[in-house]
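Note: hydrogens, waters and symmetry copies are ignored here, and every other heavy atom, side chains too, is used. Per chain, numbering begins at 1; letters A, B, ... match sequence-line order.
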Number of protein chains: 2
Amino acid sequence: MDNLKILVVDDESRMRKLVKDFLVKKNYTVLEAEDGEQAIDIFFSNKDISLIILDIMMPKLDGWQVCKEIRQYSKVPIIMLTAKSDEKDELLGFELGVDEYISKPFSPKILVARVDAVLRRTVGIEEEVIEVGGIVLDKVAHQVKVDDKNIDLSHKEFELLTYFVTNQGVALSREKILNNVWNYDYFGDARTIDTHVKKLRSKMGEKGNYIKTIWGLGYKFEVDS
Amino acid sequence: MDNLKILVVDDESRMRKLVKDFLVKKNYTVLEAEDGEQAIDIFFSNKDISLIILDIMMPKLDGWQVCKEIRQYSKVPIIMLTAKSDEKDELLGFELGVDEYISKPFSPKILVARVDAVLRRTVGIEEEVIEVGGIVLDKVAHQVKVDDKNIDLSHKEFELLTYFVTNQGVALSREKILNNVWNYDYFGDARTIDTHVKKLRSKMGEKGNYIKTIWGLGYKFEVDS
DNA sequence: TTGAACTATGAAAAATTTGTGAAGAAAAAA
DNA sequence: TTTTTTCTTCACAAATTTTTCATAGTTCAA
């Protein structure tokens with residue numbers, strides 16, 4: 001989910017640096033292009049670019065042309081940077097499938113907020129999939145694959161595994177596990193965790209030993225490496 | 001696909017009329033509300049509103065509050081009308097899930113272009129005929145074929161199946177199903193879903209097992225492959 | 001090495017959830 | 001209104017999950 005790639009296209013290196021700095025701070029990976037041709041080259045040689053931030057005014061190919069070219073092959077979200085907020089421009093942009101508009105000068109906060117919003121709309125929702133050492137945990141589908149094979153887990157087992165996987169390498173006491181996976185009003189025996197761990201381990205096959213026992217404390221999920 | 005309903009909320013009747021006129025020209029159906037309370041009433045008593053255009057400055061409930069209230073139950077796209085283009089406002093809006101921003105004064109062309117764009121993003125992709133694994137669902141004709149044979153579904157059954165089919169592979173809790181297929185003010189037993197699922201399954205013949213039970217959670221529609 | 005403390009495991013018991021048919025309530029049609 | 005259809009509730013059986021428990025196996029520290 002993290003480290004989405006964003007391509008920033010602008011002929012002014014100062015502008016690119018400014019945008020990049022703020023995006024990097026938010027944990028995005030930023031690629032740069034200084035004109036339209038380069039932008040297209042970079043976009044098509046990187047298959048996993050999640051968003052393009054595109055200046056309109058550029059030498060060689062301008063923003064509109066880049067946009068049109070890319071739209072022939074891809075629905076990647078595009079945010080346009082525009083100097084003047086010209087109405088014609090905006091209309092043209094919507095026709096070309098531009099997702100957002102930001103007029104220069106803009107505040108970095110606005111920029112980051114829009115980037116977040118666009119990405120939430122596009123990649124955001126699907127990315128509820130966690131993958132760890134051959135285990136694929138799909139929260140939306142409520143489904144788990146181990147080595148590409150579906151395994152049937154009960155609700156509790158699913159939640160327990162989710163908790164483990166989202167806390168890799170962390171030693172988890174039984175109390176902590178109870179508090180996070182069970183309802184707060186559960187007052188039964190903590191040893192029920194052991195039983196669930198047993199079932200998880202057996203259902204997960206050899207990957208079951210990712211769930212380590214920490215003697216005297218609880219469990220820890222850790223992928224051998 | 002045509003005649004989508006748009007709710008326009010503004011305390012100035014002149015502004016409502018202006019917006020309405022342009023939207024009606026584009027073949028949208030326009031509902032009006034003159035304050036936040038009315039907006040919420042109208043929205044929740046009409047299940048098929050596709051977009052809300054919301055003024056921020058209003059007596060009683062302002063735009064933010066209306067937005068927040070509606071967002072608790074619905075992802076309906078919202079376009080905000082704002083007098084000043086205040087940066088703080090925009091940030092707040094993105095957090096609240098506002099889809100677009102239009103500053104007053106705006107040109108009608110801009111308005112219509114944005115409305116189109118937002119609707120294309122949201123309902124746009126929605127097709128009138130959905131086909132999935134031998135099931136053909138025709139929303140317009142309100143008719144369902146399984147293996148090329150018509151089957152008779154009641155209204156609720158049809159809506160439930162539609163919801164399932166448009167959410168393939170997604171684990172749906174009973175609560176979620178209730179919120180999306182039933183009116184928001186339904187406070188009956190969630191087990192009524194089970195009964196409808198039973199009937200759907202039996203009417204769908206062997207395709208009925210596309211509706212999977214997720215024990216302890218709800219149901220999931222999934223075509224075996 | 002030994003024993004106390006802890007964990008693993010299989011099986012049984014308890015609890016929860018779902019499937020189903022039927023009946024009652026509500027809504028729509030005649 | 002009456003009739004018909006649809007929707008909801010209910011009760012109970014069936015299916016499944018969760019917890020408990022007894023026993024066997026491990027670990028750790030003196």
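Expressed to the nearest 0.5 Å, how far CD1 of I70(B) lies from CD of Q65(B) amounts to 12.0 Å.
Across all strands shown, F158(B) has no heavy atoms under 4.0 Å from either base or sugar-phosphate atoms.
Annotation for D148(B): atom CG does not count as buried by contact number, only 12 or fewer foreign heavy atoms lying within 6.0 Å. Within a 6.0 Å radius of NZ in K199(B), no more than 12 heavy atoms belonging to other residues, nucleotides or ligands are found.
In this structure, P77(A) and S50(A) approach most closely via the heavy-atom pair CG-O, 3.1 Å. Nearest heavy atoms, I78(A) versus L51(A): N-CD1, 4.3 Å.
Under the side chain to side chain donor-acceptor pair (under 3.5 Å) criterion, D152(A) pairs with no residue at all, not counting sequence neighbours. Evaluation of the ring pair (Phe, Tyr, Trp, His ring centres under 6.0 Å) rule for H142(A) yields H155(A), F158(A) as partners, not counting sequence neighbours. Under the side-chain contact (heavy atoms from CB on, under 4.5 Å) criterion, R191(A) pairs with R174(A), D189(A), D194(A), sequence neighbours left out.
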Contacts under 3.5 Å, N or O only, protein and nucleotides 25-27 of chain C:
none

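Taking side-chain N and O atoms only, R191(A) has no distance below 4.0 Å to OP1 or OP2 of dA8(C).
Two residues are said to be in side-chain contact when any heavy atoms from C-beta on lie closer than 4.5 Å; V165(A) and F221(A) meet this criterion.
Taking every nucleotide of DNA chain D with any atom under 4.0 Å from a non-hydrogen atom of chain B, the first and last of them, 5' to 3', are dT6(D) to dT17(D).
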**Report entry** Stepwise side-chain contact (heavy atoms from CB on, under 4.5 Å) check, V132(B) with Y210(B)
**Finding:** CA-CA 10 Å; V132(B) 167; Y210(B) 287 171; 5.5 Å; no
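Heavy-atom distances under 4.0 Å link DNA chain D to T192(B), T195(B), H196(B), W215(B) of residues 192-222 of chain B, given in residue order.
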